[in-house]
Amino acid sequence: MSQATEQVTMEELLEAHREQQKQLTSKIIALRKGVPKSDKRKKREVNSRIADLEYDLKKKQEEEIRVLKAVEAGLDPNEEVVDDGISLDRLNELSLAEGGEGNKENTTETTEQPKKKVNKARARIEKRNAEMERVRQEAIKESENQVDLAVVETEAITKLITPMKLRIKQVGADGHW
């Protein structure tokens, strides 16, 4: 084990992993762009190669994290770890869950974590509808403050014709010109 690897912190390692993931993504894009759409055999080969690259990167990064954790814990990073199929975190969760009442809050928190994906189209529609409703409410408030010209006109005509002893008679429209 070299000193440079021992001095790497978890944050630095995760940052390097993100950078490697970005590089892999750009390489995948380049591979996919280089394949003609009509060549299915070549597409399958490229997809297989992409899957291999992703798998190799994932394994490499998991190994680096395992080594770093072993070094931080003071263990020998080259020592082979026997995988019994269950992680220590999961084992602790299960043993605490069997403890009864005390961990019911934790289990409800873990069941609430997977939230529904936000539907972007629905969000846009809701945003647009909210904007339309806001504009409509604003128009209603504005119209309440305006003077009703029909009422003003009717009052003015009434003032003029009352001294002449006349009155306004409403005539219903018959629908013809």
Lys/Arg-Asp/Glu bridge criterion (N-O < 4.0 Å) met for Arg136, Glu133:
yes

Ionic contact status for Glu144 with Lys141, cut-off 4.0 Å:
no

Value rounded to 0.5 Å, distance of [atom1] in [X] from [atom2] in [Y]:
X     : Y     : atom1 : atom2 : value
Thr9  : Leu68 : OG1   : CG    : 7.5 Å
Leu13 : Glu64 : CG    : CD    : 5.5 Å
Ile28 : Arg49 : CD1   : CZ    : 10.5 Å
Thr25 : Lys22 : OG1   : NZ    : 9.5 Å

Hey, are the side chains of Ile65 and Met10 touching, using non-hydrogen atoms and a 4.5 Å cut-off?
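Counting from C-beta outward, Ile65 and Met10 do come under 4.5 Å.
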
Under the salt bridge (Lys or Arg N to Asp or Glu O under 4.0 Å) rule, collect the residues that match up with Glu138, sequence neighbours excluded.
Arg134

Side-chain donor-acceptor distances from residues 51-60 under 3.5 Å, at least two apart:
none

Would you list the atom pairs, donor with acceptor, under 3.5 Å between side chains in residues 31-42 and any protein atom, with sequence neighbours excluded?
from  : atom 1 : to    : atom 2 : distance (Å)
Asp39 : OD1    : Lys42 : N      : 3.4
Arg41 : NH1    : Glu45 : OE2    : 2.6

On a heavy-atom basis, the closest approach of Gln61 and Gln21 is NE2-N, 4.5 Å

Would you find more than 12 non-hydrogen atoms of other residues, nucleotides or ligands less than 6.0 Å from Glu131 atom CD?
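Yes, enclosed.
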
